[in-house]
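Okay, structure first, notes after.
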Amino acid sequence: MDIGSMYEYELESLVRDAGLPKFRAAQIYSWIHEKGVSGYEEMTNLPKTMREMLAEAWPLPELTPVRTLSSKDGDTTKYLFRLADGNVIECVRMEYHHGTSVCISSQVGCRMGCRFCASTLLGLSRNLTASEMLGQVYQINRMIQAEDPEKRVSNVVVMGTGEPLDNYDNLVRFVRILSSEKGLNISQRNITVSTCGLVPQIARLRDENLQITLAISLHAADDETRRRIMPVANRYTIAEILDACDSYFAVTGRRISFEYSLIEGENDSPETAEKLAGLLAGKNCHVNLIPVNPVKERGYRHTGEAGVRAFQKRLMDHGVTCTIRRQMGADIDAACGQLRKDYIDEVSEGVNT
Ligand code: SAH
């Protein structure tokens, strides 16, 4: 395992096995996870020879920014990072009145195949390691602190490219390290993990003793519609997902969020809103309505503003808490995976011509 993905006790045994004193483990852990450095040369309280030895033996993950795109209002910035093996991943920084949120990727590509999502167009290349997920947060945190040393990343959402629960072990490691006291110490309550609904993994996550928010990408109120837009619906029914959510809430006490992307003519009718209300009324949950971000490779159009409001009203009339997600960064292709897809298209066109 790479050094940036290790818990502190694992780092301690690595350091011990290398014949180094134990306090070096605490120093290295703090450099990597609290200060978020990207290279050993910055670890100035380690002797130079040790830094060289460590760089040789246990390289840190490489995340090189290759492209940055900011929305006109400046509230949303997308970053494309190149990894050591040449893969590229995207990550988004969003400024809200309550703080700075970072949306990270959990995989290179995705194999879930949601019809409206650009991340899935190229399939799955590989899982990200915990340190590659952490690196996205650390890089952005350092940028923020360079602007204002008082500021830091306040919230992290695992809603970028990839299905986090399809990369389960690394995801859990990521959450524990990100929230560790000697790391960036981001409260688990400020970490949201979004899933298309992998039922067995939701049950596993329930028992991890974490305080994170679970978000479920529901996007439909009946299985037939869901199967049309989300292939994963062939594996798990909405009833099974909702059961898993009830159980998650019963054990963790954490209110579930449901993501619902409104696609014109597909899942946005008044009858669908009623059906959805029937499924969720009385549950301790929250619905986020998002007009679908059109992806140019797909034919979907988003529901208009009036339609979104009417859908929201029907849910609220049944007592279902529901907000309309501000469409942030639409002018910079913030649709999941679109920036990465465009970049890869450009690079491969460049190679072919
Ligand atoms: N695989 C995870 C997390 C990544 S996607 C999941 O499915 O939840 C993050 C969220 O963006 C999901 O709710 C996903 O369904 C949604 N999404 C993807 N493409 C979108 C698009 N074009 N418009 C609106 N929401 C989209």
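Just so you know, ligand 1 is whichever comes first in the structure, and atom 1 is the first atom listed for that ligand. In this text the structure is predicted, and so the values were computed from the model without any measurement.
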Legend entry - Proximity to ligand 1 by part of T161, non-hydrogen separation under 4.0 Å: neither

Inset, instruction - Would you kindly specify which portion of S261 sits under 4.0 Å from ligand 1, judged on non-hydrogen atoms: side chain, backbone, both or neither? - result: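 It is the side chain that gets close, since no backbone atom is under 4.0 Å.
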
Legend entry - Heavy-atom nearest neighbour of atom 16 (C) of ligand 1 within options M230, R325, H219: H219

Legend entry - Nitrogen or oxygen of V292 less than 3.5 angstrom from that of ligand 1: no

Inset, instruction - Consider every N or O of E259 and every N or O of ligand 1, then say whether any pair is closer than 3.5 Å. - result: no

Legend entry - Where ligand 1 meets G162 - atom numbers and elements under 4.0 angstrom, heavy-atom basis: 1 (N), 2 (C), 3 (C), 4 (C)

Inset, instruction - Report the residues that fulfil side-chain hydrogen bond (donor to acceptor under 3.5 Å, both in side chains) with T237, sequence neighbours left out, ordered by chain and then residue number. - result: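 Expected list: E240.
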
Legend entry - All side-chain hydrogen bond (donor to acceptor under 3.5 Å, both in side chains) counterparts of Y29, not counting sequence neighbours: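 Y29: side-chain hydrogen bond (donor to acceptor under 3.5 Å, both in side chains) contacts with S180.
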
Inset, instruction - Answer with yes or no after comparing the ring centroid distance for Y138 and H33 against a 6.0 Å cut-off, counting only values under it. - result: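 Centroid distance Y138-H33: below 6.0 Å, so yes.
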
Legend entry - Cation-pi check, R173 onto Y7 ring (under 6.0 Å, within 45° of axis): yes

Legend entry - Derivation and outcome, side chain to side chain donor-acceptor pair (under 3.5 Å), residues E95 and T100: CA-CA 5 Å; E95 293 295 332; T100 304; 3.0 Å; yes

Inset, instruction - Work out whether the distance between some heavy atom of S119 and some atom of ligand 1 is less than 4.0 Å. - result: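 The answer is no: ligand 1 sits nowhere under 4.0 Å from a heavy atom of S119.
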
